[in-house]
Amino acid sequence: MIDLQSHGSVTAIRMARTLLGRPLYWTAAYWLDGLLIDSGPPCLADELVQIVEQLGVEQIVVTHSHEDHIGGLHTLHRRFPQATIRAAEATIPTITEPQRLGQQLYRRLLWGAPKAVSTVEPLGLRVQTDSFSLRVVETPGHSRDHIAFFEPKQRWLFSGDAFIGGRDRAWSSEFEMFGTISSLRGLAALHPERLFPGSGHVRRTPLPELHGKIGQLLTLCRDVAHLDALGMPDDEIIRRLCGGEPSIRFWTGGHFSAGNLIRACRRYNEVFDPGVELAKGEPVVRSKQ
Ligand SMILES: [Zn+2]
């Protein structure tokens, strides 16, 4: 399933694999001025190519190495061999050798397996199109190699998966709390006026959304610290703060779980005091006891 939305000069291309006609999980690519940001999953690459054939593609960039962002590159490269493909240096090895993803079965079933693309160039500090100039912003946390793209004149932010809306109830063990919160703070400091996230759900009021997400994660970390101090067992903490383990833990063989999310909070709490940060709005490093 592909859904197109026009946002002025930007076309949002939302993609989802469906089950019984219902979308399972949305991911997105964005097109502007001959530039394609992200390439969707392997299983929807042919449909994506049909869409962007009408728009024209001169260059392609990706935000990170997950299969729902790099998965269309092989098919796009075959259809648009002249288009340059660029990625962060840390992302390139996974594009050229996608077996590095170590995809679990559920990921192969949901998205398909990416095929290797060898002609990938490293990104510089910016991406230039005829009409726009996008800065590359490092945003680790969701993955180590994650980057975002910011157009300062339009104040457009293409955030990939650095911002994921809604309330988090399960994390992958790959996600890292300090990077996630720091990256969200960095993105908020850019004062974007339009947020184009990896879900394709475009935000017209990005700042409250970004600050709301930071507050949500800090609050969770603070609550974990509080319950840990009471000596509460993990199962009870997960039940209280996440409503128990969600079904995604079963479907992903434990790759995503509430337990991972709680452990990510604990690693954050080893260094920072989220209660103080919430009160003062700035990170405070714990002093040594
Ligand atoms: Zn991702």
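Since the model is a prediction, treat every value here as computed from it, not as a measurement. Position 1 is the first residue of the sequence; numbering continues from there. Remember, it's 1-based here, ligands and their atoms both numbered in the order they're listed.
The Zn ion (ligand 1) has H64 among its coordinating residues (N/O/S atom, backbone or side chain, under 2.8 Å). At a cut-off of 2.8 Å, D68 is not counted among the residues with an N, O or S atom near the Zn ion (ligand 1).
With salt bridges taken as basic N to acidic carboxylate O contacts below 4.0 Å, one links R240 and E236. Using a cutoff of 4.0 Å between basic side-chain nitrogens and carboxylate oxygens, E270 and R267 are not scored as salt-bridged.
Taking the six-membered ring where the residue is Trp, the centroids of F272 and F178 are separated by under 6.0 Å.
For the residue pair H66 and H146, no side-chain donor N or O sits within less than 3.5 Å of a side-chain acceptor on the partner.
The Zn ion (ligand 1) is closest to atom OD2 of D161 (considering only N, O or S atoms). For H66, the N, O or S atom closest to the Zn ion (ligand 1) goes by the atom name ND1.
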